[in-house]
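Nothing here was measured: the structure is a model prediction, and the numbers come from that model. For ligands, and for the atoms within them, numbers begin at 1 and follow the listed sequence.
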Amino acid sequence: MRRPLVAGNWKMHGSGAANAALLAEFELRLHSEWPVDIAVFPPFVYLADVARRLRDAAIDVGAQDVCAEPGGAFTGEIAAAMLKDVGCALVIVGHSERRRWNHEDDALVARKFAAASAAGLTPVLCIGETLEEREAGKTEAVVARQLDAVLAMNGVAPFARAVIAYEPVWAIGTGRNASPEQAQAVHAFVRRRIAQQNANIAGQARILYGGSVKAANAGELFAMPDVDGGLVGGASLVADEFYEICAAAAARHERV
Ligand code: 13P
């Protein structure tokens, strides 16, 4: 059985005081016995502080990006081992905002995935099509290309642990989430593609949905058989919303 994961991507939001307030409010309500993994992804400069705050909590900490190189003369970059050193357990690679604004291509994302895995971090690989690509009927071709680049460089074995996040670009920050059926169709496609290499690993791989997840739609999205949780942006910054989304994931687990 796949344990659900709810991951909060804070993007470039927060401050020392705001993070402390958000976590305090969220933690107050959290049920540590819930059968769900929870992780938050603060901006780099807050990682060490958030990791310290959450040391005894049932909440993991992850980074939003990582350098593909293990270390050296790369001004402004952060190595995977450094993330591990300050208490990170996970790292997002290939978020569509980085693919777009930082011009990250599939090859670079595959190298970042490798760097994260080598350092013992769990990569959260983001894939997803733009609206134009969906309307042109290219959704499967796009996510297959994004996934295949990582599989070609890393093999299928890391997916026993690694997480995939299907985030259709048109659903991110728009308030317009994919329907549960749309999400399920792509998640099932991704799982079949991994199964072509290893059916056992495909059954273990966690595939999250991301894009305008909120308390009001989390239940129906997580009810889909191949949706193993969510990668949540805006709603992860609101303690009540994030709590309700985690509760929806916990309820799903009990039904499986
Ligand atoms: P929103 O939940 O704000 O749409 O963001 C989704 C996302 O990009 C998470 O990585």
Side-chain angles (χ1 to χ4, degrees), residues 4-14 18-19 22 26 36-44 46-47 50 59-66 83 88-102 104 109 112-113 116 121-131 133-134 139 142-143 146-147 150 162-180 182-183 186-187 190 206-222 224 227-249:
L5 168 64
V6 178
N9 175 8
W10 292 359
K11 306 193 180 183
M12 198 169 69
H13 296 288
N19 301 343
L22 174 65
F26 177 66
V36 50
D37 291 335
I38 301 171
V40 293
F41 295 73
F44 281 127
Y46 300 121
L47 285 171
V50 169
I59 305 172
D60 285 324
V61 178
Q64 299 173 16
D65 184 36
V66 64
L83 298 176
C88 289
L90 308 100
V91 62
I92 294 171
V93 297
H95 193 282
S96 63
E97 286 152 12
R98 295 204 60 86
R99 291 181 191 260
R100 177 169 185 199
W101 301 114
N102 301 77
E104 296 192 2
V109 173
K112 291 187 173 199
F113 185 102
L121 295 168
T122 298
V124 179
L125 170 67
C126 296
I127 58 176
E129 81 287 1
T130 63
L131 185 58
E133 289 164 341
R134 171 164 283 265
T139 299
V142 169
V143 298
Q146 292 170 332
L147 183 63
V150 175
V163 175
I164 297 167
Y166 168 56
E167 297 206 308
V169 177
W170 48 271
I172 295 177
T174 58
R176 177 187 167 197
N177 60 287
S179 70
Q182 284 173 321
V186 178
H187 285 223
V190 168
R206 287 193 289 188
I207 309 176
L208 312 184
Y209 167 77
S212 298
V213 175
K214 44 187 181 277
N217 60 24
E220 59 181 23
L221 285 162
F222 298 165
M224 294 290 118
V227 178
D228 304 315
L231 181 54
V232 186
S236 72
L237 299 168
V238 182
D240 273 358
E241 280 281 316
F242 197 54
Y243 167 84
E244 294 294 345
I245 294 166
C246 294

Checklist entry - With a 4.5 Å heavy-atom cut-off, do Glu167 and Asn9 have their side chains touching? => result no

Checklist entry - Checking Glu241 side chain against Lys214 main chain: does a donor-acceptor pair fall under 3.5 Å? => result no

Next on the checklist: Once side chain to side chain contact (heavy atoms under 4.5 Å, CB included) is applied, do any residues pair with Asp60, and if so which ones, sequence neighbours excluded?
Outcome noted: Ala39, Ala89, Leu90

Next on the checklist: Closer than 4.0 Å to some heavy atom of His95 - which atoms of ligand 1 meet that?
Outcome noted: 7 (C), 8 (O), 9 (C), 10 (O)

Next on the checklist: Could you work out, with side chain to side chain contact (heavy atoms under 4.5 Å, CB included) as the rule, every residue matching Val169, not counting sequence neighbours?
Outcome noted: Ser96, Thr130

Next on the checklist: Any side-chain to backbone donor/acceptor pair from Asp228 onto Ile207? Under 3.5 Å, distance only.
Outcome noted: yes

Checklist entry - At the 4.0 Å heavy-atom cut-off, does Gly173 count as touching ligand 1? => result yes

Checklist entry - Which residue supplies the protein heavy atom nearest to atom 3 (O) of ligand 1, what is that atom called, and how far is it? => result Gly234 N, 2.9 Å

Checklist entry - For atom 5 (O) of ligand 1, what is the nearest protein heavy atom, given as residue, atom name and distance? => result Lys11 NZ, 3.2 Å

Checklist entry - Do any heavy atoms of Ser212 fall under 4.0 Å from ligand 1? => result yes

Checklist entry - Which atoms from ligand 1 have a heavy atom of Leu231 less than 4.0 Å away? => result 9 (C), 10 (O)

Next on the checklist: Using 30° and 60° as the class boundaries, would you call the ring planes of Phe242 and Phe26 parallel, tilted or perpendicular?
Outcome noted: tilted

Checklist outcome for this item: So the atoms of ligand 1 within less than 4.0 Å of a heavy atom of Ala171 turn out to be 4 (O)

Checklist entry - Going by the order shown, which atoms of ligand 1 are within less than 4.0 Å of some heavy atom of Gly233? => result 1 (P), 2 (O), 3 (O), 5 (O), 6 (C), 9 (C)

Next on the checklist: How close do Arg176 and Ser212 get, counting heavy atoms only, and between which atoms?
Outcome noted: N-OG, 3.4 Å

Checklist outcome for this item: Going by the 4.0 angstrom heavy-atom rule, the piece of Asn9 near ligand 1 is side chain

Checklist entry - Who's the nearest protein heavy-atom neighbour of atom 7 (C) of ligand 1, and how far? => result Glu167 OE2, 3.1 Å

